[in-house]
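Worksheet for the structure shown next.
Note that the coordinates shown come from a computational prediction; the quantities given were computed from them, not determined experimentally.
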Amino acid sequence: MSEPSQEASAGPVGGLTGRAIGGMVWTLTGTAVQAAVQLVALMALGRLLTPAEFGLMGAATVVVAASQIVSQIGVGPAIVQRRELTPAHVRVAVTLSCTLGLLLGVLVYAGAPWIAGFYRMPELVPVLRGIAFLFPLDGLNTVGKSLLVRDLRFRLFVVLDVGSFILGYAAVAVVLAWMGYGVWALVFASLAQEALRTLAMYFATMHPVRPSASVRAARDLLSFGFGHSVAQIGTLAAQEGDNMVVGRWLGPAALGVYDRAYTLMVMPANIFGKIVNRVLFPVMSLVQDERARLAAGYERALAVVALISLPVSAFLWIVAPEFIPVLLGPQWAAVVLPFRLFTLSLLFRMSCRISDAATKAAGVVYSRALLQGLFAGLVVAGAVFGQRWGVGGVAVAVSVAMGVNWLAMAELGRRVTGLTWPRFALAHVPGVLFALLIFAVTTVVVGAARSLALGSVLTLAAAGLALAGVVVAVVRSHSELFLGRHGRWAFHRGVELVQGISRRFVGPRAAEPTA
C-alpha cells in the first residue's frame, strides 16, 4: 500500500486546518482550470454538435453513473473513512471493484437494446456499447484515487485529474467533433479520459493489485461501503431521474436542451463537490469523534457556501439571456429558461454537499441513504408531473425537490454535529445580504446595457465589472455586514495562503549586501 507523501506527513490533528485549506486551494485551483477548459470545450462543442447528439450522450450518462456506483459498492469512500487500513483491505477493494466493473461492462453491452427501448431511442444502442468499456477502467481506478485522497495528497490528485480531463476529454472531444464524428466524439473522449486517469493514478500510488478473498477485510469495507452505495444510488436517481423522464417523454432534442441547462447549473456545485469529497470528507473523518470541532467546521462551511452560491445565483439569473448565447451559440436560446430556474437551487445543491460530508464522516450512512431515496422519489414524481409544461416545468419541480432535500439533509447534519437551528440560520444571513446587493447592482447595470443595445458580449462585460466592483467594495469597507465572521476568516486565510504560495515561487526578497 502506498505511504503518505510529505503532503500528508503531519500528524492527524496538528495543522489540520492549514492542510485542509491547502487542499481546498489546490482542489479549487484544479477545478477552476478544469471548469475554464470545460467552458471553452462547451463553446466549441455547442457549435459542432446538435442538441440531439448531446441528448444521446446524456441518456448514456445516466447508465454510466448508475453502473459506476454499483461497480464500486462504496469501497472507495470506505478506504478514505477507515481509521486503520491494511494491505488486505486494499487488495480486497481492488478485487471487488474490478470484478464488478467488468461484470457491469458486460451487462451494459448486452443490455443496450433494452435500455435504448426504455428511452425509445434505437440509435442509443451503439453509444451504450461503446460506453460499456468505461466500467472496467473505472473499477481499476477506484482504489488509486481513494488512496490519494486518504493520504491528503491533494496536489498530485489535482494534477492527474485535471491533466487527464484536458488531454483525454476536452482535446479529444473537440478534435473529433470538428472531424465530424458526432456523438462518438463524446464517447471516445470519455474513454480516453478514464484510461489516462486510471494509468496515472495507479503509477502514483503503486498499490497492490493481487486479488484477495479475505472475508474479514471485505466485511470491514462493506459495512460502511454498502450503506454509502445505497445512499449514492438514491443521489444518482435524484440527479438523473429527471433526465430519464425528459428523454423518455420529451425526446433527445429536449433532453439535450435540459442537459445543457442542468450541466451549466451544477458546474459550480460540482467544483465545490470535488473540494468537499476530496478535502472536507477525509478531514472531517479525522475528527469524527470530536463533536465540537465537527460542529464548528460544519457551521463555517455552510456560511462560506452561502457566500458563494447565493451571489452567483443572483448574478446568473440576471445575465442568463446574454450568457447562454455567448457560451453555447444562438441556437441554444431554449436553455435560458431552465437554466434560470436551476440557478435558484444552487444553494440547495452546494449546501447538501456539506451536510453529506458531515454525515459520512460520522458514519451515518443508512439514514443518509433513506433521505436520498426519498429525494429521488420526489425528483422523479415531480419531473413526471412537470413534463406536461416542457423542460421549464421539469426544472421547477426538480428545484422544489432540491429545497426539500436541503432541509432534510440539514436536519441530519445538525444531529451528527450538534449545530443548533439558530446557528444554522445565522450562518446564511451574510450570504443572503450579499446576494441582494449583487442582484440590485447587476439589475441596474444590465438594464442600462440592454437599453443601449450594447449586445451580449459587452453587456456581460459590464455586468462582470460591476460584480468585481461590488466585491472589492464589500471586502474593503463592509466585510463585517456582507461577509460575516466566517467569510472574513475564509478571506484572510485565503489571502495568507496565496501570499505563501507566491513567496514559494518568487522567493524571499534578496538579502541586502553585507558590509
Side-chain angles (χ1 to χ4, degrees), residues 37-68 104-105 107-138 164-197 236 239-240 242-264 266-267 270 324 327-332 334-335 338 391:
V37 175
Q38 187 174 2
L39 282 175
V40 173
L42 277 174
M43 294 175 69
L45 293 172
R47 291 160 172 81
L48 294 171
L49 301 176
T50 66
E53 288 169 331
F54 274 110
L56 285 174
M57 191 61 187
T61 300
V62 178
V63 180
V64 171
S67 301
Q68 284 177 332
L104 280 168
L107 287 175
V108 170
Y109 190 95
W114 182 86
I115 299 170
F118 170 81
Y119 276 108
R120 303 170 184 169
M121 300 178 188
E123 63 272 31
L124 185 60
V125 173
V127 175
L128 287 170
R129 286 180 168 168
I131 286 294
F133 291 95
L134 274 176
F135 306 127
L137 290 172
D138 190 65
S164 63
F165 174 81
I166 294 173
L167 298 177
Y169 185 86
V172 171
V174 172
V175 170
L176 292 182
W178 178 73
M179 294 174 65
Y181 279 80
V183 67
W184 287 99
L186 304 177
V187 174
F188 289 136
S190 298
L191 292 171
Q193 177 189 4
E194 193 61 39
L196 280 176
R197 182 164 51 192
L236 174 69
Q239 291 176 345
E240 304 293 351
D242 49 345
N243 283 337
M244 294 175 64
V245 170
V246 173
R248 179 175 172 82
W249 272 278
L250 301 180
L255 179 56
V257 169
Y258 186 84
D259 181 66
R260 291 302 87 192
Y262 187 86
T263 298
L264 289 172
V266 301
M267 191 177 294
N270 286 341
I324 295 300
L327 183 64
L328 299 178
Q331 72 272 26
W332 293 89
V335 173
V391 294

**OP:** Using the test side chain to side chain contact (heavy atoms under 4.5 Å, CB included), find all partners of A192 that sit at least two apart in sequence or belong to another chain.
**Re:** V172
Original post:
Does W332 have its ring centroid less than 6.0 Å away from the ring centroid of F54?
Top reply: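 Ring centres of F54 and W332 closer than 6.0 Å.
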Original post:
Side chains of V257 and V246: does their closest heavy-atom pair fall under 4.5 Å?
Top reply: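 Not in contact.
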Subject >> L250 and L255, any side-chain heavy atoms less than 4.5 Å apart >> reply: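 They are not in side-chain contact.
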So, taking the atom named [atom1] in [X] and the one named [atom2] in [Y], what distance separates them when rounded to the nearest 0.5 Å?
X    : Y    : atom1 : atom2 : answer
L176 : L186 : CG    : CG    : 9.5 Å
L167 : R197 : CG    : CZ    : 13.0 Å
M121 : I115 : CE    : CD1   : 12.5 Å
Y169 : E194 : OH    : CD    : 13.0 Å
Y109 : F135 : OH    : CZ    : 13.5 Å
S190 : L134 : OG    : CG    : 6.0 Å

Original post:
Centre of Y119's six-membered ring, under 6.0 Å away, within 45 degrees of the axis: is that where NZ or CZ of R248 sits?
Top reply: no
Original post:
Does any donor atom in the side chain of N243 or Y262 lie under 3.5 Å from an acceptor atom in the other side chain?
Top reply: no
Could you list the donor-acceptor pairs under 3.5 angstrom formed between side-chain atoms of residues 40-53 and any protein atom two or more places apart in sequence or on another chain?
| unit_1 | atom_1 | unit_2 | atom_2 | d |
| --- | --- | --- | --- | --- |
| R47 | NH1 | M43 | O | 2.9 |
| R47 | NH1 | L327 | O | 3.1 |
| R47 | NH2 | V326 | O | 3.2 |
| T50 | OG1 | E53 | N | 3.2 |
| T50 | OG1 | E53 | OE1 | 3.4 |
| E53 | OE1 | T50 | N | 2.9 |

